[in-house]
2 protein chains.
Amino acid sequence: MADSTTDLRVERKPKLSETVVAAIRRQLLAGEIPPGNKLPTEGQLTETFGVSRTVIREALAKLAADGLVEARQGAGVFVTEHISTTFGALAADMGSKDSIALNVLEVRLAIEIESAGLAAIRRNAAQEAAIQEAFFEFERLLLASQPTGPADLAFHRAIASATNNPFYVEMLDVLGRRAIPCDVTSPWSTELVQSDDYQRGLQREHLVILDAISAGDAGAAREAMRTHLTRSQQRYRERLQARQAYYAKSVKAAATE
Amino acid sequence: MADSTTDLRVERKPKLSETVVAAIRRQLLAGEIPPGNKLPTEGQLTETFGVSRTVIREALAKLAADGLVEARQGAGVFVTEHISTTFGALAADMGSKDSIALNVLEVRLAIEIESAGLAAIRRNAAQEAAIQEAFFEFERLLLASQPTGPADLAFHRAIASATNNPFYVEMLDVLGRRAIPCDVTSPWSTELVQSDDYQRGLQREHLVILDAISAGDAGAAREAMRTHLTRSQQRYRERLQARQAYYAKSVKAAATE
DNA sequence: ATTAGTTTGTTGTATGATGACTTTTGCATA
DNA sequence: TATGCAAAAGTCATCATACAACAAACTAAT
């Protein structure tokens, strides 16, 4: 009983090809292989990933379907120029400043609102289940007093995925990494992010979104996502102010000593 | 001379898997296999299509990537429940490149809708004037029977600029270059793009957007932009179909000679 | 120097086998 | 008969190997 597979929550079987897709996609979005360049050959990828060529080929096929790469018989597999890479490079340059981070967050808002609307219309059963799963995971972590950040991200990512438009996922990946660096470790954010009220509020908003998507109501989904994100925006601003106050105080303390 | 089988520009190398994908997708969209039902096994498909299982698997992987089917290990491959006809149908007969263009266009839609809303709230006098300027320029070009494309682009760009968020402009530039390669020179589009009715319709939609922004009504601006862009999306699809028909005809003509 | 032929590397396709998982079947038991 | 459980069959997932098709680089002959 209780064999090793059931110890964790649902986490179904991640197909090998999906793992490879995720790995390669991350490298591509990070710009490790510039657009126009050739990827390693299937044989080399087979070695580096330790899987058969079948898996590599399936992964490459999926990436090609997403428009990330392009295979030319006899020549190789090449990286296609991509919006996320160009835009990600832009955002990366200016990603340090807070005011810019808010601007990027605003772009993310546009993407996610539309995502919710499309997800309400186009989601399939598995995708809806994935969204619910992320929601319940958030709940579980909340009750266990554990960091809910990953589940939050998974929730939004599942929605983007449910649009069946891979570009939304890529956008979210690129923007999310830049705009949501707010982890719980920062001294000025602990009391806010980890507060139960705060997370409970997030979850309430998530529920409204989830319901709208489940009901297939695109308009309601967009509205729910809009309120959720504008509030998050507001919370983010408050946190920035809190951090600034924190640093100001610490500077003052250092000055007086 | 290069007697290669594909002297025509339409498609260079139709991979076997793509053929299978098209065939199965047509069957699915035609409803020959109701949603939730199981497809024939890979082995059976191998027989019916006369190709290897490798090809069948790649085709199924692509269909799964598009969200049309879902494979359950040990059980079979099943048709997804919610197949939105609007989404699935357009990807049906067109190559991956076109479907990618449509996906990018959809991201642009998200950006521009939010742009309009923000512009309605944040625009200053000069920015509002710039939008109006582009609008009247469009009108002028229309009356002069000159290409209105540049003015159209300027209109949208002015709105993005009026958000006072430079990333929206960047986004629009990056996406626009990719999603709007439809110049007026193509033989299959001239009659559509240059038609007076077509452009007059665009301008009517532009006016609604302009009014909403001038009135400072963010919700109305978003709605107006949404209808404008969804209609543009529809027009774009129709143009793709027209192009396909055009090429199909030319191929047919080439075959008969 | 140009061109034709050859070689080599890479993707596309075919085939067979094995493992993992799901569903069904059949049998034993109450 | 009804129920529960184990065996079996069916199916996808992965692996391994081989050959075909194609493209680029290289070599040699004119």
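No hydrogens, no waters, no symmetry mates; every other heavy atom, side chains included, goes into these values. Proteins get letters first, then strands, A, B, ... in listed order; numbering begins at 1 in each.
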*At how many degrees, to 10°, do the end axes of the helix from dA1(C)-dT30(D) to dA30(C)-dT1(D) meet when each uses five pairs?*
10°
_Side-chain N,O (Arg72(A)) to OP1/OP2 (dA23(D)) below 4.0 Å_ = no
*In Å, rounded to the nearest 0.5 Å, how long is the span from CZ of Arg108(B) to CG of Asn103(B)?*
14.5 Å
*To the nearest angstrom, how far is Leu60(A) atom CG from dG12(C) atom P?*
9 Å
_Interatomic distance, Gln73(A) CD vs dC22(D) P [rounded to whole Å]_ = 6 Å
*asked:* Looking at dA14(C), I'd like to know if its phosphate oxygens (OP1 or OP2) sit under 4.0 Å from a side-chain N or O belonging to Ser52(B).
replied: yes
*Short side-chain donor-acceptor distance under 3.5 Å, Ser214(A) and Glu128(A)*: yes
*Under 4.0 angstrom, heavy atoms only, what part of the nucleic acid is Thr41(B) near: base, sugar-phosphate, or nothing?*
sugar-phosphate
*Take atom CZ in Arg25(A); do more than 12 heavy atoms of anything else shown fall under 6.0 Å from it?*
yes
*Should the heavy atoms of other residues, nucleotides or ligands under 6.0 Å from CZ of Arg226(B) be counted, would the total exceed 12?*
yes
*Thr54(B) side chain: which of dA14(C), dT11(C), dC12(D) is closest?*
dA14(C)
*Separation of dG12(C) P from Glu58(A) CD (nearest whole Å)*: 14 Å
*Relative to the ring of Phe155(A), is the ring of Phe135(A) parallel (under 30°), tilted (30 to 60°) or perpendicular (over 60°)?*
tilted
_How many whole angstroms separate atom CD of Glu70(B) from atom P of dT22(C)?_
14 Å
*Starting at the 5' end of DNA chain D and moving along, which residue's nearest nucleotide shows up first, Val55(A) or Val77(B)?*
Val77(B)
_Proximity to DNA chain C (any heavy atom under 4.0 Å), residues of residues 31-39 of chain A only_ = none
*Which residue pairs pass the salt bridge (Lys or Arg N to Asp or Glu O under 4.0 Å) test when at least one of the two sits in residues 30-39 of chain A, sequence neighbours left out?*
none
*Leu16(B) has an atom CG; how far is it from atom P of dT11(C), in whole Å?*
18 Å
*With a 4.0 Å cut-off, would you call Asp173(A) and Arg26(A) a salt bridge?*
no
_Tell me whether the count of non-hydrogen atoms from other residues, nucleotides or ligands lying under 6.0 Å of CD in Gln27(B) goes above 12._
yes
*asked:* Return the CZ to CD distance between Phe138(A) and Gln203(A), rounded to the nearest 0.5 Å.
replied: 5.0 Å
_N/O donor-acceptor pair, side chain Arg53(B) with base dT14(D), under 3.5 angstrom_ = yes
*asked:* Can you tell me which nucleotide in dC15(D), dC21(C), dA23(D) comes closest to the side chain of Val51(A)?
replied: dC15(D)
_Rounded distance (Å) that lies between atom P of dT13(C) and atom CG of Leu45(B)_ = 16 Å
*asked:* In this structure, how many angstroms lie between the C1' atom of dG9(C) and the CZ atom of Phe78(A), rounded?
replied: 12 Å
*Can you check whether Asn124(A)'s main-chain N or O pairs, donor with acceptor, with Gln127(A)'s side chain at less than 3.5 Å?*
yes
*How many Å lie between CD on Glu42(A) and P on dA23(D), as a whole number?*
16 Å
_Let's see if you can work this out: which of dC12(D), dG12(C), dC15(D) has an atom nearest to the side-chain heavy atoms of Arg57(B)?_
dC12(D)
